[in-house]
Chemist: 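Below you will find the structure I want to go over with you.
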Amino acid sequence: MIAAEPARAWTPPLEAEGLAHVIACLRSWEAFDGEVLLDEVADVVDDAVPDEADVHGLAELLRGHLMRLVNIAVANEAEERDETAARLIERARALRVEELPGGHWNAVGHLRRAGWIASDLLERMVEIRCVKSPDPAGGGGRSW
């Protein structure tokens, strides 16, 4: 016969402040939308040059897209699974932390590099099934 042991008291994994932080993060989370990314990439790589007044805002949007793509890629272990993805992730990380260069044309060049890297990384992540294709007819893996 097995001797009965008294049950240990349960302790929550987080204090109230920690749980409040988790809830706040969950409430502010938005699903990844590849179509929005492609629309904003089109704004910077299109034939029309972005206005000087829009450059800083577009740079922040693209930095955000690069950060989300890299986070999704890391969560899916894309760096370990795919050399091309690993190279694009490295380029995205480097470009994301670069300061926007001075001068309108230098800034536009920076935006276009960020746009192409974001587009290429998204395309590669669709190919290796980290995200669904923004194209409704396309394939893909998980939707973030």
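All values reported here derive from a predicted model rather than from experimental measurement. Sequence positions, counted from 1, serve as the residue numbers for this chain.
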Chemist: Using every non-hydrogen atom in the two residues, find where Ala118 and Val41 come nearest and quote the distance to one decimal.
Modeler: CB-CG2, 4.2 Å
Chemist: Could you check whether atom NE2 of His21 has more than 12 heavy atoms from other residues, nucleotides or ligands sitting under 6.0 Å from it?
Modeler: no
Chemist: Between Leu95 and Leu88, is there a shared hydrophobic cluster once you connect ILVMFWY residues whose side-chain heavy atoms come closer than 4.5 Å?
Modeler: no
Chemist: Grab the two heavy atoms, one from Phe32 and one from Arg68, that are nearest each other, plus how far apart they are.
Modeler: N-NH2, 3.4 Å
Chemist: Within this structure, what is the NE2-CG distance for the pair His65 and Asp33, rounded to the nearest 0.5 Å?
Modeler: 8.5 Å
Chemist: Is it true that Arg87 and Glu90 make a salt bridge, defined as a side-chain N closer than 4.0 Å to a carboxylate O?
Modeler: no
Chemist: What are the two closest heavy atoms between Asn76 and Arg81, and how far apart are they?
Modeler: O-NE, 3.1 Å
Chemist: Go through the steps for His110 and Leu62 under the test side-chain contact (heavy atoms from CB on, under 4.5 Å), then give the verdict.
Modeler: CA-CA 10 Å; His110 177 88; Leu62 289 175; over 6 Å; no
Chemist: Could you state the interatomic distance from CG (Asp43) to CG (Leu61), rounded to the nearest 0.5 Å?
Modeler: 9.0 Å
Chemist: Check the hydrophobic clustering (I, L, V, M, F, W, Y; side-chain heavy atoms under 4.5 Å; chains of links allowed) and say if Val70 and Ile128 are grouped together.
Modeler: no
Chemist: In this structure, would Leu121 and Ile72 fall into the same cluster of hydrophobic residues linked by side-chain contacts under 4.5 Å?
Modeler: yes
Chemist: Same cluster or not: Leu38 versus Ile117, using hydrophobic residues (I, L, V, M, F, W, Y) connected whenever any side-chain heavy atoms lie under 4.5 Å apart?
Modeler: no
Chemist: Looking at CG of Leu19 and CD1 of Ile23, how far apart are the two atoms once the value is rounded to the nearest 0.5 Å?
Modeler: 6.0 Å
Chemist: Rounded to the nearest 0.5 Å, how far apart are CD of Glu35 and OG of Ser133?
Modeler: 8.5 Å
Chemist: Grab the two heavy atoms, one from Leu122 and one from Gly34, that are nearest each other, plus how far apart they are.
Modeler: CD2-O, 4.1 Å
Chemist: Measure the spacing between NE2 of His56 and CG of Leu111 and express it to the nearest 0.5 Å.
Modeler: 9.5 Å
Chemist: Just verifying a value: how many Å separate Leu66 CG and Asn71 CG, rounded to the nearest 0.5 Å?
Modeler: 11.0 Å
Chemist: If you draw a 6.0 Å radius around CD in Glu17, do more than 12 non-hydrogen atoms from other residues or ligands fall strictly inside?
Modeler: no
Chemist: Identify the two heavy atoms, one from Cys130 and one from Ala78, that lie closest to each other, and give their separation to 0.1 Å.
Modeler: SG-CB, 4.0 Å
Chemist: Please examine the side chains of Leu100 and Arg63, heavy atoms only from C-beta on, and report whether any two atoms are closer than 4.5 Å.
Modeler: yes
Chemist: Should the pair Glu127-Arg124 be classified as a salt bridge under the 4.0 Å nitrogen-to-oxygen rule?
Modeler: yes
Chemist: So, does Asp82 use its side chain to make a donor-acceptor pair with the main chain of Thr84 at under 3.5 Å?
Modeler: yes
Chemist: Can you get from Val126 to Val36 by hopping between Ile, Leu, Val, Met, Phe, Trp and Tyr side chains that sit under 4.5 Å apart?
Modeler: no
Chemist: Report the C-alpha separation of Val22 and Leu26 in whole Å, then their side-chain angles, then the decisive distance to 0.1 Å, and conclude whether the side-chain contact (heavy atoms from CB on, under 4.5 Å) test is met.
Modeler: CA-CA 6 Å; Val22 170; Leu26 289 172; 4.1 Å; yes
Chemist: Donor-acceptor check, side chain of Arg112 to backbone of Val44, threshold 3.5 angstrom: yes or no?
Modeler: yes
